Amino acid sequence: MSAYVIVEATVLDPESRNRYAAQVEPLFREFGAEVIAFGPWQVLSGEPAFDNGMIIRFPDNGTALAWYQSPAYQSLLEIRAAALDCRFRLVSERRRPEDSHERIPLEGS
């Protein structure tokens, strides 16, 4: 099943952000990733921490981790630090059968 990297970010330096984006996009293709949403957040509840968000779909959890841990991506972390104040999260897709009455699991339950 698919896995999703959720990125929360505030741009610190637009020029560095452009350099980072130009170098990370080919890596997305290499690892079969697809950016499915990006742009400014619309906060529905809670305090906003970052201005922008991105959701990146990978074929599976292992591929997402391989991308993030790859030497090619790790070499971009210095540029990313200059470009963005950010947080990255990984979540795996989980589908419930349509007739299931299973609760959505929440942390601590």
Side-chain angles (χ1 to χ4, degrees):
M1 295 223 175
S2 296
Y4 299 86
V5 172
I6 312 300
V7 181
E8 299 173 278
T10 297
V11 176
L12 300 173
D13 178 57
E15 183 179 315
S16 294
R17 185 241 171 254
N18 291 341
R19 285 186 22 236
Y20 171 75
Q23 294 180 56
V24 79
E25 287 174 10
L27 293 176
F28 289 158
R29 286 191 296 277
E30 181 180 330
F31 285 86
E34 175 188 10
V35 175
I36 59 173
F38 69 95
W41 288 120
Q42 180 178 359
V43 177
L44 301 178
S45 176
E47 294 298 317
F50 297 91
D51 298 334
N52 300 287
M54 178 182 284
I55 302 172
I56 310 157
R57 181 174 41 220
F58 285 85
D60 54 54
N61 202 52
T63 304
L65 288 170
W67 162 75
Y68 192 83
Q69 296 168 350
S70 72
Y73 184 72
Q74 291 294 304
S75 72
L76 299 179
L77 296 185
E78 190 173 318
I79 296 170
R80 185 183 82 184
L84 305 168
D85 178 14
C86 58
R87 176 173 27 203
F88 281 57
R89 303 280 192 256
L90 175 61
V91 63
S92 296
E93 182 175 35
R94 181 171 177 223
R95 296 184 189 197
R96 297 183 301 162
E98 291 199 23
D99 63 348
S100 171
H101 298 287
E102 178 183 359
R103 294 181 333 144
I104 296 174
L106 301 175
E107 185 176 331
S109 58

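The figures that follow rest on heavy atoms only: side chains count, while hydrogens, waters and symmetry mates do not. In this text, all values refer to a predicted model and were calculated from it rather than measured experimentally.
Between the CG atom of Leu65 and the CG atom of Leu90 there is a distance of 5.5 Å, given to the nearest 0.5 Å. The distance from atom CZ of Arg17 to atom CZ of Arg19, rounded to the nearest 0.5 Å, is 13.0 Å.
The two residues Val43 and Gly46 have their closest heavy-atom pair at CG1-O, 3.2 Å.
Here the rule is side-chain contact (heavy atoms from CB on, under 4.5 Å) with Leu27, and of Glu25, Glu30, Arg29 only Glu30 fits it.
There is no path of hydrophobic side-chain contacts, each under 4.5 Å, that joins Tyr20 to Leu12.
Think of Phe50 as one node in a network of Ile, Leu, Val, Met, Phe, Trp and Tyr side chains linked at under 4.5 Å; its network also takes in Tyr4, Ile6, Ile36, Trp41, Ile55, Val91.
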Residues 74-89, side-chain donor-acceptor partners within the protein, below 3.5 Å, at least two apart:
{"unit_1": "Gln74", "atom_1": "NE2", "unit_2": "Tyr68", "atom_2": "O", "d": "2.6"}
{"unit_1": "Ser75", "atom_1": "OG", "unit_2": "Ala72", "atom_2": "O", "d": "2.7"}
{"unit_1": "Arg80", "atom_1": "NH1", "unit_2": "Tyr68", "atom_2": "OH", "d": "3.2"}
{"unit_1": "Arg80", "atom_1": "NH1", "unit_2": "Tyr73", "atom_2": "OH", "d": "3.0"}
{"unit_1": "Arg80", "atom_1": "NH2", "unit_2": "Tyr68", "atom_2": "OH", "d": "3.4"}
{"unit_1": "Arg87", "atom_1": "NE", "unit_2": "Glu8", "atom_2": "OE1", "d": "2.7"}

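Under the rule for a side chain to side chain contact (heavy atoms under 4.5 Å, CB included), the partners of Thr63 that lie at least two apart in sequence or sit in another chain are Phe31, Phe58, Pro59, Asp60.
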Kindly determine whether Val11 and Asp51 satisfy side chain to side chain contact (heavy atoms under 4.5 Å, CB included), including the steps that lead there.
CA-CA 8 Å; Val11 176; Asp51 298 334; over 6 Å; no
